[in-house]
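Taking it in order: structure first as structure tokens, then the write-up.
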Amino acid sequence: MPALQPQPEAMTLEQYEALPEDSHTEVFDGIAYDMSGPSKTHQSILTELLVELRGYIKRKGGLCSVLPAPFDVKLSDIPLTIVQPDLMIVCDRNKLDEKWCSGAPDFIIEIVSPGTQSNDYIRKLFYYKNYGVREYWIVDPQRKSVIVNYFEGDLLNVNYSFASTIKVNIYDDLYINFSELEI
């Protein structure tokens, strides 16, 4: 019979807060995962999408906040679950303070890096859906695809190419034309 492997000790909020400020760490059910730094392509996509989303909200006089990584989202205290989405929209400003977003953002975009594919496609999909994110996009630069998960409308895993114009479902009239983005 194989020996059981010791389980890592669950990270506490105090331990997370004691990490170095430049740490790229996410925590799922108390287990910490280090994240790699973003590539130039990753950052270009992030910048283009940030400008599109922020521009729309400003034009509409909206009160939602658009925040890029790194900014912590605390989904759960026990077990500790903290993520750093690449881009998020938070419409309930009571969830925000200088430190983090406490609770699920309305909209999240994750840009896939080669080493984090299973996190974005599987783990984060599970957590974002179960903690109340309304809409979650997975942008994959290698596949040149965008997968839209609109949990409120039960639209899961709708696949688009970078040549598509894609509706942001949490808004009535916001569309992002990926072919016009400079990526």
Side-chain angles (χ1 to χ4, degrees), residues 5 7-8 10-11 16 19-20 22-53 66-76 79-90 100-101 104-170 176-183:
Q5 295 294 322
Q7 296 298 313
M11 179 177 268
Y16 183 83
L19 292 172
D22 61 347
S23 173
H24 295 288
T25 303
E26 292 183 313
V27 182
F28 296 93
D29 290 331
I31 308 301
Y33 297 86
D34 290 327
M35 302 179 330
S36 60
S39 68
K40 178 189 169 294
T41 300
H42 181 283
Q43 292 302 89
S44 294
I45 293 170
L46 175 64
T47 301
E48 290 287 319
L49 292 171
L50 175 63
V51 168
E52 289 283 323
L53 295 170
V66 182
L67 300 165
F71 192 76
D72 290 337
V73 174
K74 184 171 54 159
L75 295 174
S76 172
L80 186 63
T81 300
I82 296 177
V83 294
Q84 292 182 354
D86 289 316
L87 193 55
M88 68 179 121
I89 295 175
V90 181
W100 49 43
C101 174
D106 294 271
F107 179 79
I108 288 178
I109 294 176
E110 293 286 3
I111 302 165
V112 177
S113 296
T116 65
Q117 292 169 332
S118 65
N119 268 351
D120 297 330
Y121 283 103
I122 300 168
R123 181 178 288 131
K124 288 185 178 181
L125 176 68
F126 172 81
Y127 282 88
Y128 292 163
K129 182 177 191 305
N130 288 316
Y131 279 99
V133 172
R134 296 169 60 199
E135 186 166 357
Y136 170 44
W137 287 17
I138 303 168
V139 178
D140 192 327
Q142 287 187 317
R143 294 179 178 164
K144 296 194 180 314
S145 69
V146 179
I147 296 177
V148 173
N149 297 283
Y150 179 48
F151 302 125
E152 288 183 341
D154 287 328
L155 297 173
L156 298 178
N157 296 304
V158 180
N159 203 347
Y160 296 91
S161 75
F162 275 17
S164 302
T165 298
I166 305 170
K167 184 179 190 317
V168 177
N169 293 289
I170 66 168
I176 296 177
N177 185 344
F178 267 75
S179 67
E180 292 179 355
L181 301 181
E182 295 181 26
I183 48 179

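We number each residue from 1, following the sequence as shown.
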Worksheet entry | Shortest non-hydrogen contact between Phe71 and Pro85, atoms and distance | O-CD, 4.0 Å
Item to complete: Decide side-chain contact (heavy atoms from CB on, under 4.5 Å) for Asn169 and Glu152; before the verdict, give the C-alpha distance in whole Å, the side-chain angles of both, and the deciding distance to 0.1 Å.
Response: CA-CA 9 Å; Asn169 293 289; Glu152 288 183 341; over 6 Å; no
Response to the item:
On a heavy-atom basis, the closest approach of Ser113 and His42 is OG-CD2, 3.8 Å
Discussion item. Once salt bridge (Lys or Arg N to Asp or Glu O under 4.0 Å) is applied, what residue pairs with a partner in residues 25-49 remain, sequence neighbours excluded?
Written reply: Glu26-Lys124
Discussion item. Phe107 and ring pair (Phe, Tyr, Trp, His ring centres under 6.0 Å): which single residue from Phe151, Trp137, Tyr136 fits?
Written reply: Trp137
Item to complete: Before giving the answer on side-chain contact (heavy atoms from CB on, under 4.5 Å), spell out for Ile176 and Leu53 the whole-Å C-alpha distance, their side-chain angles and the decisive distance to 0.1 Å.
Response: CA-CA 9 Å; Ile176 296 177; Leu53 295 170; 4.0 Å; yes
Discussion item. Between Asn149 and Tyr128, is the side-chain hydrogen bond (donor to acceptor under 3.5 Å, both in side chains) condition met? List the steps.
Written reply: CA-CA 10 Å; Asn149 297 283; Tyr128 292 163; over 6 Å; no
Practice prompt. May I have the step-by-step check of side-chain contact (heavy atoms from CB on, under 4.5 Å) for Leu46 and Ile111, ending in yes or no?
Written response: CA-CA 8 Å; Leu46 175 64; Ile111 302 165; 3.8 Å; yes
Fill in: Check: Arg143 and Val112 side chains under 4.5 Å, non-hydrogen atoms
no
Fill in: Whether Glu110 side chain and Asp120 backbone form a donor-acceptor pair below 3.5 Å
no
Worksheet item: Any side-chain heavy atom of Ile45 within less than 4.5 Å of one from Leu181?
Response: no
Fill in: Worked verdict on Lys167 versus Leu155 for side-chain contact (heavy atoms from CB on, under 4.5 Å)
CA-CA 12 Å; Lys167 184 179 190 317; Leu155 297 173; over 6 Å; no
Worksheet item: Do Met11 and Leu19 touch side chain to side chain, with heavy atoms closer than 4.5 Å?
Response: yes
Discussion item. Please give me the minimum heavy-atom distance between Val73 and Pro105, naming the atom from each residue.
Written reply: CG1-CD, 3.8 Å
Discussion item. Counting the benzene-type ring for Trp, do Phe178 and Tyr160 have ring centres under 6.0 Å apart?
Written reply: no
Worksheet item: How are the rings of Phe28 and Tyr127 set relative to one another: parallel (under 30°), tilted (30 to 60°) or perpendicular (over 60°)?
Response: tilted
